[in-house]
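Each remark here refers to the structure printed beneath this line.
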Amino acid sequence: WINGKPSGLTEENRAQILEQMPAGSIEAVEVITNPSAKFNPEGTAGIINLVLKKDRKAGYYGSVSAGGMYNIGSPAPGAHVGANFNYNSSLVDFYVNLGGRYMSHESDNVTDRYSFERLPLDSYEDVREQWGDTLSYLNTLSASGRSFLGLFGRMGADFHITKKSTIGVSLMGHGGTNNSANQNTYTRVDWGLMDTTMYLRSNQQAGMRPSYSASLDYVYEIDKMGSEVRTSVEYSGHQRSGDYVYVQEALRGYSPEYTQIQRQNGKSQSARYKLDYTQKIGQTQKVEAGLYGSWQQRLSPSRAWNMEGEDSLLIQFNDFDYEEWIAAMYATYGAKFGPFSMSLGLRGEYTNTYVRTRDVEEESAWSSTRRGYFEVYPTAFLSYAFPNNNELQANYTRRINRPRGRQINSFRDMSDSTNISFGNPLLDPEISSAVELNYLKTWDDHAISAGLYYRFSDNAIERVRYLDDNVMYSTFENVSRRQSAGLEVVAKNKVTKWLNLTTTVNCYYAAMDSVFYDTNLDGELDLLYPFQQSFSWNARLMA
């Protein structure tokens, strides 16, 4: 989130938007691991909120900044510039943020892929025992480079109509160019045929990704204790366009030679409305309630041609249209009774999705899927303060991860002819529950916190891969149940007047049930991945 709102950030554009934002415009980064029912339950891991600077100094205030960076191995250094301006008075608070950034990256990658004979077994207790002789081998050497020039702009104003009423308007926009080039050298050996094939495949991409968002907010302060009414409406849009040119050349053995052009465009827009009511009851109790509604639409047409001289042959046609409506309402109650604090909440959401796809140009070839479902999201937060600055906290939340974007788009990405990926429009949402137990202890110059958590997800959305005729296909499926648990300990120590130490220790356990998938589309499920589990830990000391 940006300033407590999605602000047009999606899984498809957030990387580009964050790259374009000037770091100097960020005031703080808030991490909410288990949000209450007041917040949108989207995303299984919580909320990261970027708080942007909005200085409240009286009068005029401004700043400019510039900087550079150099990544080892990059073709050119990066640079960024930024400017901020603020004007504040008793009637209006006005701000402008501008920024620009250029960056470039280069990378190399080596991949080895072995295909083994599968031996018949009665069970899959140890999947490592089912492999026989090596049938084929594929080596891929990849060199890639990427550069982009991004522009960022943000402006807004808060108008203090009365001592209790404030209207806020904000605009934000991003734009720029994105270019990349990639070259892959493939060597494939088939031991059964004693055949070796080598070929070179290169691709270039040039595109643009402009986006924008606008919001209107209204705040009415009911009393000085913090009771208030907040309402906001937001509209955002994001576009992307790009041409991809793939050239494949044979170096040894049989390999098709061709030039392929793929054109992909995209357009997404969304609107959100939110109404929040907060009522303080004395100094120790608070009631919150609210309404939420959102609409999203994503259009993504794609075409691909094989070029033979001046002739072109259309080999891929894909249109993807996704719409989503969400209506929600929530209520929370919080209270403090001596050393005991609590907050209980309940949120109900109804979601309706409509997906249309077609892979031929005929208007009657559209296929559609409509889904509607209702989910309830309870939250609970309990805290007890013991003597001598000891506190114990426990909380529970339920969240949802709705499939979107490339996860459900059936478009086939053919940038790598040996690795083809596509989405699954029939994915179900992933539902997660999380429990946390935290302990905090503070002294004058020291503090320690320990957190223990457990999270599990049903209908877990995972990427599944399977091999067919020396091509690795990759898609998404609701494959199994996923769970994780962890322990985090953080200690802060003021050793001297000039030295502070922060020590962090993390232990993390993750497990996923066995994954079965119909790779041959014959109704028979094949074991792709057996039960998986892992344990990891890390420690960090910062002075």
Side-chain angles (χ1 to χ4, degrees), residues 11 29-36 39 41-49 123-131 375 377-384 390-403 407 427-441 447-465 474-492 501-517 525-542:
E11 64 276 0
V29 178
E30 297 177 344
V31 179
I32 310 173
T33 56
N34 266 8
S36 72
F39 297 93
E42 183 69 44
T44 58
I47 297 171
I48 298 176
N49 182 37
S123 67
Y124 292 108
E125 293 181 358
D126 190 348
V127 72
R128 292 168 297 182
E129 296 179 356
Q130 76 177 104
W131 307 124
E375 291 287 346
Y377 307 96
T379 60
F381 299 84
L382 307 175
S383 175
Y384 191 88
N390 290 273
E391 186 174 354
L392 189 64
Q393 303 173 345
N395 57 65
Y396 166 81
T397 60
R398 189 171 189 262
R399 299 180 63 78
I400 185 172
N401 181 27
R402 297 179 179 89
Q407 291 182 331
L427 282 177
D428 292 321
E430 175 181 336
I431 306 295
S432 298
S433 294
V435 179
E436 286 187 1
L437 181 64
N438 300 304
Y439 169 74
L440 295 90
K441 168 66 176 175
I448 185 172
S449 69
L452 183 67
Y453 63 88
Y454 172 72
R455 180 180 290 113
F456 66 91
S457 303
D458 292 319
N459 279 337
I461 300 174
E462 292 286 344
R463 183 185 291 274
V464 296
R465 295 179 174 89
S474 174
T475 186
F476 297 89
E477 270 292 337
N478 299 106
V479 292
S480 65
R481 177 171 174 154
R482 184 173 54 225
Q483 54 186 329
S484 61
L487 172 67
E488 181 184 53
V489 180
V490 180
K492 297 181 72 69
L501 298 180
T502 301
T503 308
T504 304
V505 177
N506 272 290
C507 300
Y508 181 76
Y509 169 81
M512 187 175 68
D513 292 348
S514 300
V515 175
F516 294 88
Y517 187 71
L525 296 180
D526 300 309
L527 177 69
L528 284 187
Y529 316 119
F531 172 78
Q532 302 177 50
Q533 59 181 346
S534 64
F535 176 78
S536 60
W537 65 271
N538 65 71
R540 179 183 299 123
L541 176 64
M542 181 172 66

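From a predicted model like this one, the values you see are computed outputs, not experimental measurements.
- Between the CD atom in Glu436 and the CZ atom in Arg455 there is a gap of 7.0 Å [rounded to 0.5 Å].
- Expressed to the nearest 0.5 Å, how far CD of Glu488 lies from CG of Leu452 amounts to 11.5 Å.
- Here Ile448 contributes atom CD1 and Lys441 contributes atom NZ; the two are 10.5 Å apart, rounded to the nearest 0.5 Å.
- Taking a 6.0 Å sphere around CG of Leu501, one finds it holds more than 12 heavy atoms contributed by other residues, nucleotides or ligands.
- No side-chain donor from either of Asn538 and Tyr508 sits under 3.5 Å from a side-chain acceptor of the other.
- No donor-acceptor pair closer than 3.5 Å links the side chain of Asn459 to the backbone N or O of Asp428.
- The CZ atom of Arg540 sits 6.0 Å away from the OG1 atom of Thr504 when rounded to the nearest 0.5 Å.
- Closest approach of Pro35 and Ile47 over heavy atoms only: CG-CD1, 3.7 Å.
- In terms of the salt bridge (charged side-chain N to carboxylate O under 4.0 Å, His left out) criterion, residue partners of Arg398 (sequence neighbours excluded) are, by chain and number, Glu375.
- Between the side chain of Glu430 and the backbone N or O of Ile461 there is at least one donor-acceptor pair closer than 3.5 Å.
- Atom OG1 of Thr397 is separated from atom CZ of Phe39 by 12.0 Å, given to the nearest 0.5 angstrom.
- You'll find the side chain of Asn390 reaches within 4.5 Å of the side chain of Tyr439, heavy atoms only.
- Judged purely by atom type and a 3.5 angstrom limit, Asn395 has no side-chain atom pairing as donor or acceptor with the backbone of Phe381.
- Separation of atoms CD (Glu391) and OG (Ser449) is listed at 11.0 Å; rounding is to 0.5 Å.
- Minimum heavy-atom separation, Pro403 to Pro429: CD-CA, 3.7 Å.
- In this structure, Phe476 and Gln407 approach most closely via the heavy-atom pair CD1-CA, 3.7 Å.
- A donor-acceptor pair under 3.5 Å links the side-chain atoms of Arg399 to the main chain of Glu42, judged by distance alone.
- At most 12 heavy atoms of other shown residues, nucleotides or ligands fall within 6.0 angstrom of atom NZ in Lys492.
- For Ala511, the side-chain contact (heavy atoms from CB on, under 4.5 Å) test picks out Gln483, Tyr509, Phe531, Gln533, with sequence neighbours left out.
- Scanning both residues, Leu437 and Ala394, for their nearest heavy atoms gives CD1-CB, 4.0 Å.
- Contact of the Leu382 side chain with the Leu392 side chain is not registered, since no non-hydrogen atoms from C-beta on lie closer than 4.5 Å.
- Pro530 and Ser514 make their closest contact through C-OG, 3.7 Å (heavy atoms, listed as atom of the first residue, atom of the second, distance).
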